[in-house]
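These numbers were taken from a predicted model, which means no experiment stands behind them.
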Amino acid sequence: MNVGEIAHGLERALRTRPVPSSAGARLRFLLAAHQGSTRRVAAVLGVSQRTVQRWVTKKPGARRLPGPLQVRAIEEAVLARWQPRVRARRRAQAEAEGFVFHTRARFGFAAPAGSSDDPRVRWITQDLPGEVARELFAARDAGAGEQQQTVILARALGHAYFREWGCRAHGLHVAFSDIEFADFSIG
């Protein structure tokens, strides 16, 4: 299972515009968010003000590129500040109305060998209610890892997909693993 597929899918669903992809565009965003203050951006990134000035200067020969650790710090700072009101609005919408979950993963339940419901890689697109969104966001906010989020989704998908919202197949143990991708559609 890819580490963080569910968390990355949730984050993608909360955004309406792509996050700047280059280090320069990300630095420009951080500068704009901090009213052009290289001192504040430096404090956020844990580097000196002069280092930030070297990254953003337009003078030929004076410009320096951030290293791999600084690129990661810049990315995390941008992601933390990207579209906060949009993210809050989309989260509230998902918690109120539910969402559509798209995944390709190993999914099924313990069944006799050869059964059509044996765990296998499946493409699944399933509407899930707002209670699942609330539970996922609460787990993420509490610092739950990918495994706990997978358990939440397995329970919800088992109820909706195999048990048809409680109409059949009671008491089955659902297997949900080997997540190749996880995407969420809100609204």
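Residues Arg64 and Gln53 are not in side-chain contact: their nearest non-hydrogen atoms beyond the backbone lie 4.5 Å or more apart. Annotation: side chain of Ile6 is not in contact with side chain of Asp183 (no heavy-atom distance under 4.5 Å). Between Phe107 and Trp123 the shortest side-chain heavy-atom distance does not fall below 4.5 Å. Looking at Val19 and Phe29, their side chains never come closer than 4.5 Å, going by heavy atoms from C-beta outward. Considering only heavy atoms from C-beta on, Trp55 comes within 4.5 Å of Gln70 through its side chain. The side-chain heavy atoms of Leu14 and Ile186, taken from C-beta on, include a pair separated by under 4.5 Å. Contact check for Trp82 versus Arg17: side-chain heavy atoms found under the 4.5 Å cut-off. At a threshold of 4.5 Å between non-hydrogen side-chain atoms, the residues Leu136 and Gln149 count as touching.
Distance alone, capped at 3.5 Å, places no donor-acceptor pair between the Glu95 side chain and the Ala92 backbone. With hydrogens and angles ignored, the 3.5 Å screen pairs no side-chain donor or acceptor of Glu97 with any backbone N or O of Ala94. A donor-acceptor contact shorter than 3.5 Å is absent between the side chain of Arg54 and the backbone of Arg63. A donor-acceptor pair under 3.5 Å is absent between the side-chain atoms of Arg104 and the main chain of Glu180, judged by distance alone. Judged purely by atom type and a 3.5 angstrom limit, Glu146 uses its side chain to pair as donor or acceptor with the backbone of Glu5. The backbone N or O of Phe181 lies less than 3.5 Å from a partner atom in the side chain of Thr103, making a donor-acceptor pair.
With a 6.0 Å radius and a threshold of 12 heavy atoms from other residues, nucleotides or ligands, Arg39 has its CZ atom at or below the threshold. The environment of CZ in Arg50 is crowded: more than 12 heavy-atom neighbours from other residues, nucleotides or ligands sit within 6.0 Å.
Taking Arg40 as the reference, nothing meets the salt bridge (Lys or Arg N to Asp or Glu O under 4.0 Å) condition, with sequence neighbours excluded.
The distance from atom CG of Leu153 to atom CD of Gln148, rounded to the nearest 0.5 Å, is 12.0 Å. Note that CZ of Arg87 is 4.0 Å distant from CD of Glu11, once rounded to the nearest 0.5 Å. To the nearest 0.5 Å, the span separating CG on Leu45 from CZ on Arg72 amounts to 13.0 Å. Rounding to the nearest 0.5 Å gives a distance of 12.0 Å between CG of Leu157 and CD1 of Ile152. One distance of note links CZ of Arg26 with CD of Glu76; it measures 10.5 Å at 0.5 Å rounding. The CG atom of Leu10 lies 11.5 Å from the CZ atom of Arg90; values are rounded to the nearest 0.5 Å.
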Verify side chain to side chain contact (heavy atoms under 4.5 Å, CB included) between Val100 and Leu128, making sure each step is shown before the conclusion. CA-CA 6 Å; Val100 179; Leu128 294 174; over 6 Å; no
Go through the steps for Thr16 and Gln83 under the test side chain to side chain contact (heavy atoms under 4.5 Å, CB included), then give the verdict. CA-CA 8 Å; Thr16 58; Gln83 295 185 312; 2.8 Å; yes
What verdict does the salt bridge (Lys or Arg N to Asp or Glu O under 4.0 Å) test give for Asp141 and Arg91, after you've listed the backbone C-alpha separation in whole Å, the side-chain angles of each residue and the deciding distance to 0.1 Å? CA-CA 12 Å; Asp141 293 346; Arg91 178 178 173 163; 2.7 Å; yes
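Checking Val56, Val52, Val41 one by one against Leu30, the side-chain contact (heavy atoms from CB on, under 4.5 Å) holds for a single residue, Val41.
Ring orientation note: the planes of Phe176 and Phe101 are nearly perpendicular, at an angle over 60° on the 30°/60° scale.
Contact detail for Pro66 and Val71: the closest heavy-atom pair is O-CG2, 3.7 Å. Residue Val44 comes nearest to Ala77 through the heavy atom pair CG1-CB, 3.9 Å, listed as atom of the first residue, atom of the second, then distance.
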